[in-house]
Amino acid sequence: MFKGDRDVNKQEHHTDKYYHPKLIVRRGQPFLIQIDFNRPYNPEKDQFWVEYLIGRYPQQNKGTYIPIPLVEELQSGTWGAKITWKEDSSIRLSIMSAPTCIVGKFRLYVAVLTPYGILRTKRNPETDTYILFNPWCPEDSVFLDDEKEREEYVLNDLGVVFHGDINNIKSRSWNYGQFEEGILDACLHLMDRAKLDLSGRGNPVKISRVGSAVINAKDDEGVVAGSWDNIYAYGVAPSAWTGSVDILLEYHSSGTPVRYGQCWVFAGVFNTFLRCIGIPGRIVTNYSSAHDNDANLQLDVFVDEEGKVDPKLTKDSIWNYHCWNEAWMTRPDLPVGFGGWQVVDSTPQENSDGMYRCGPASVQAIKHGHVCFQFDAPFVFAEVNSDIVYSKAMKDGTRVIEHIDKTHIGKLILTKEIGRDGTKDITEQYKFQEGTEEERLALETALMYGIKKQATQDTMEQAGTDVDMDFQVENATLGSDFKVTVTFRNNSHNHYTATAYLSGNIVFYTGVTKNEFKSHTFDVTLEPLASKISEVLIKSVEYMSQLLEQASLHFFVTARLNETKKILAKQKTSVLQIPKLHIKVPGEKVVGKEMSVIVEFTNPLNQKLVNVLVRLDGPGLLRTTTKMFREIPKNSTLTWEEKCFPRQAGVRKLIASLNCDALRHVYGELDLEVERKPLV
């Protein structure tokens, strides 16, 4: 089968990285096998052929039983086998697969026609052949024409997830591990779990749609169970995972959902699935992502007559960030021009055709407002394009629109740079620049295609304001005091007084409030044509005891001008700086030689940390390992040394995470160059 890592098949099919003993090839491209008979083959008299079978009930018309004809010349687009070499009783065949064939694990038989009927070889698992999608093949629906992009989106087993918030972008590495032992079988198993008909398994549109459902555990007992309540008993906290490998292997062996995940975990596992079976995939982060519960393209924030936010009426939420995936494919089910990157999102947010799944939705269709094209385009359009509408709810039940913020949502959409760990801004692929004619047109197109938008919205908004208000939150490290600076500017010749109110809340990154930790009212006097600055001090004792794992603080500042009763409102999220883990590798770094890895962390908090779980991961270097430390006193340092034997040469990465109830999202990473063993 020429199935070794250095043999021609795995080299030419870009499958040499899979840690797997069997033959793995990509569809639509020839591969080589050798057949040994008990005597020399005579083309005049002897008749034989090769067969590939998949599934329980192989049928030719369903593409699950494939007899491969011997041909003089291979033709792209169809199955065929050509004899390329003959010697004694052996021949070699070059076999071409169809670029549309089913993706999965096939059983191979050789059949010989004899006077007594057909003789077949016995079932031999050693000759099983995995056939994957082929982004290198122009006839394949996942064809990607740039080698650098293929190296990144198919062959790179490490990625970067961007999180934090728009004013404080944070990144962390993720080990996709699509080539690690057992992962290919675990990924193919997901299509069985999703009960995807075999005949649909050559179609990336169908596979990515069922993938977006089976990656989350809601309604189908899928791979990862989500939890957003900061209580992770009987499971692993979402922030502790460093990659997809442990999650997929555990699911494959246990068959029950792995606890727990949040959006970047769903996206990381989904990306492993896509790249593993050969569909180009990447993780995308949308900052200030709208979770619009009624898909009316507007997020409603209600304040009472005092200017305080009314949590009972305010149902929609703004996620600091939200991660989803893009998968690259043609869309023969849509008009020309909507192929390319497609949004697929496996975080369980909304029901789509009866299941928690989302996509594939064409990025191009979202940009131009063509949200009538399947699947789930209106939901994604709302995530990147909604307006925030601030309304005042009066005691008599009426509502007055005070202010509409048209630019807060979907401010920045990022993915990882090709070949490097930096950010690539892809906002322009999702939307035209704010305020341009094209942007208004895309919005009107989306409205025409039936996205709901309330008609009253623009009529009620009050005329321009005499006074502007804004505020800034000082950058701060977890555990320190910091200031919020509120600036008022009076643009008129009038004299004003205002009553202002600052509310500080601990929020989940999904924008859902846990509780208020600061409530502060102050009065301001505004001279004509002048600015006024007020500072509010936030002390660490006020927020530390209730902090959630993402260290996100959300501030609302509202002010009521006493003379006109006009309300000014602004909101911002601030993410505290979290201390880092440090990784060191003293000594030599050579394949097959023992290497020592040291992880260090100093506790910066004013309290001791208990039950601290540290996780260390390094694809090609070591298997994921974890260690529990009972306690780390304040200001003291934890040190952990781990030995390993690197398997792969080249630039590798070590990733570590630290987790305990008081402190989450602590990461560290180290790039290192591993040398090959010197040849003696």
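Since the model is a prediction, treat every value here as computed from it, not as a measurement. For the single chain, residues carry numbers from 1 onward in sequence order.
- One finds no salt bridge joining Glu72 and Lys82 here, because no Lys/Arg side-chain nitrogen approaches an Asp/Glu carboxylate oxygen to under 4.0 Å.
- Closest non-hydrogen pair, Arg172 versus Trp264, comes out as NH1-NE1, 3.0 Å.
- Within the structure, salt bridge (charged side-chain N to carboxylate O under 4.0 Å, His left out) contacts touching residues 268-281 (residues at least two apart or in different chains) do not occur.
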Criterion side chain to side chain contact (heavy atoms under 4.5 Å, CB included) on Ser386 and Phe381, from CA distance to verdict: CA-CA 8 Å; Ser386 292; Phe381 188 87; over 6 Å; no
Residue pair Thr64, Ser199: steps toward the side chain to side chain contact (heavy atoms under 4.5 Å, CB included) verdict: CA-CA 8 Å; Thr64 51; Ser199 57; over 6 Å; no
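- The minimum heavy-atom distance linking Val161 with Cys323 is given by the pair CG1-SG, 3.9 Å.
- Taking every heavy atom of both residues into account, Ala81 and Leu93 meet most closely at CB-CD1, 4.3 Å.
- In this view, Tyr130 and His20 satisfy the ring-ring contact (aromatic ring centres under 6.0 Å, His included) rule, not counting sequence neighbours.
- For Glu151, the CD atom counts as densely surrounded, since its 6.0 Å shell holds more than 12 non-hydrogen atoms of other residues, nucleotides or ligands.
- A search for side chain to side chain contact (heavy atoms under 4.5 Å, CB included) contacts involving Tyr19 returns Glu181, Arg647, not counting sequence neighbours.
- No hydrogens or angles considered: a donor-acceptor pair under 3.5 Å links the side chains of Gln29 and Asn134.
- Annotation: the span from Leu274 atom CG to Ile283 atom CD1 amounts to 10.0 Å, rounded to 0.5 Å.
- The closest side-chain heavy-atom distance from Pro58 to Ile54 is not below 4.5 Å.
- The existence of a salt bridge linking Glu147 and Arg150 is confirmed by a sub-4.0 Å separation between a basic side-chain nitrogen and an acidic carboxylate oxygen.
- Checked against the 6.0 Å centroid criterion, the rings of Tyr321 and Phe162 do not qualify as a close aromatic pair.
- Taking the six-membered ring where the residue is Trp, the centroids of His291 and His322 are separated by 6.0 Å or more.
- Atom CD1 in Ile68 sits 9.5 Å away from atom CG in Leu70 (nearest 0.5 Å).
- The CG atom of Asp246 sits 8.5 Å away from atom CZ of Arg623, with the distance rounded to the nearest 0.5 Å.
- Counting heavy atoms from C-beta outward, Leu654 and Leu621 have side chains that approach closer than 4.5 Å.
- The closest side-chain donor-acceptor pair between Ser173 and Glu669 falls under 3.5 angstrom.
- Although no hydrogens or angles enter the test, the distance criterion places no donor-acceptor pair under 3.5 Å between the side chain of Arg652 and the main chain of Val674.
- Considering only residues two or more places apart in sequence or on other chains, Asn168 meets the side chain to side chain contact (heavy atoms under 4.5 Å, CB included) condition with Asp165, Lys170, Asn475, Val575, Gln577.
- Looking only at side-chain heavy atoms (C-beta outward), Glu438 and His368 stay at 4.5 Å or farther from each other.
- Residues Val284 and Ile426 have side chains in contact (heavy-atom distance under 4.5 Å, counting atoms from C-beta outward).
- Scored by the ring-ring contact (aromatic ring centres under 6.0 Å, His included) test, His14 finds Trp136 as partners (sequence neighbours excluded).
- For residues 182-205, the set of pairs meeting the ring pair (Phe, Tyr, Trp, His ring centres under 6.0 Å) definition, not counting sequence neighbours, comprises His189-His252.
- No side-chain heavy atom of Lys367 sits under 4.5 Å from any side-chain heavy atom of Tyr430.
- By the side chain to side chain contact (heavy atoms under 4.5 Å, CB included) test, Glu126 pairs with Lys3, Asn124, sequence neighbours left out.
- Salt bridge annotation for Arg331-Asp333: present, with a cationic side-chain nitrogen under 4.0 angstrom from a carboxylate oxygen.
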Got a list of side-chain donor-acceptor pairs under 3.5 Å for residues 101-109, not counting sequence neighbours?
| residue | atom | partner | partner atom | Å |
| --- | --- | --- | --- | --- |
| Arg107 | NH1 | Gly55 | O | 3.3 |
| Arg107 | NH2 | Gly55 | O | 2.9 |

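- In this structure, Arg27 does not pair ionically with Glu139, as no charged nitrogen and carboxylate oxygen lie closer than 4.0 Å.
- In this structure, the separation between CG on Leu414 and OG1 on Thr423 is 5.5 Å, given to the nearest 0.5 Å.
- The aromatic rings of Phe179 and Tyr18 sit perpendicular, their planes meeting at an angle over 60°, well past the 30° parallel limit.
- Aromatic ring pairs are classed by plane angle as parallel below 30°, tilted from 30° to 60° and perpendicular above 60°; the pair His13 and Phe31 is perpendicular.
- Side-chain contact check for Ser244 and Trp174: at least one donor-acceptor pair (N or O, by modelled atom type) lies under 3.5 Å.
- Contact annotation: the side chain of Lys17 never approaches that of Gln648 to less than 4.5 Å [non-hydrogen atoms, C-beta and beyond].
- Scanning all heavy atoms of the two residues, the minimum distance from Ala267 to Asn325 falls at O-ND2, 2.9 Å.
- Side-chain contact check for Leu74 versus Ser94: some heavy-atom pair is nearer than 4.5 Å.
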Salt bridge (Lys or Arg N to Asp or Glu O under 4.0 Å) evaluation trace for Lys653 with Asp421: CA-CA 12 Å; Lys653 196 185 279 275; Asp421 284 353; 2.7 Å; yes
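- A search for side chain to side chain contact (heavy atoms under 4.5 Å, CB included) contacts involving Arg676 returns Arg6, Ala649, not counting sequence neighbours.
- Applying the salt bridge (Lys or Arg N to Asp or Glu O under 4.0 Å) rule to Glu417 yields the partners Arg420; only residues at least two apart in sequence or on another chain are considered.
- Taking CD1 of Ile413 as the reference point, atom OG1 of Thr285 lies at 10.0 Å (rounded to 0.5 Å).
- When all heavy atoms of Val154 and Gln178 are compared, the pair lying nearest together is O-NE2, 3.0 Å.
- Here CH2 of Trp241 is found 12.5 Å from CG of Asn175. Values are rounded to the nearest 0.5 Å.
- The ring-ring contact (aromatic ring centres under 6.0 Å, His included) search around Trp341 returns Tyr153, Trp328, not counting sequence neighbours.
- Under a cut-off of 6.0 angstrom, the local environment of CD in Glu12 is sparse, with at most 12 non-hydrogen atoms contributed by other residues, nucleotides or ligands.
- The minimum heavy-atom distance linking Asp376 with Ala361 is given by the pair C-CB, 4.4 Å.
- Side-chain contact check for Asn156 versus Lys416: some heavy-atom pair is nearer than 4.5 Å.
- Using a 4.0 Å cut-off between charged side-chain N and carboxylate O, Asp192 and Arg201 make a salt bridge.
- Residues passing the ring-ring contact (aromatic ring centres under 6.0 Å, His included) test with Phe133: none are found, sequence neighbours excluded.
- Under the 4.0 Å criterion applied to side-chain N and carboxylate O atoms, Asp220 and Arg357 are not assigned as salt-bridge partners.
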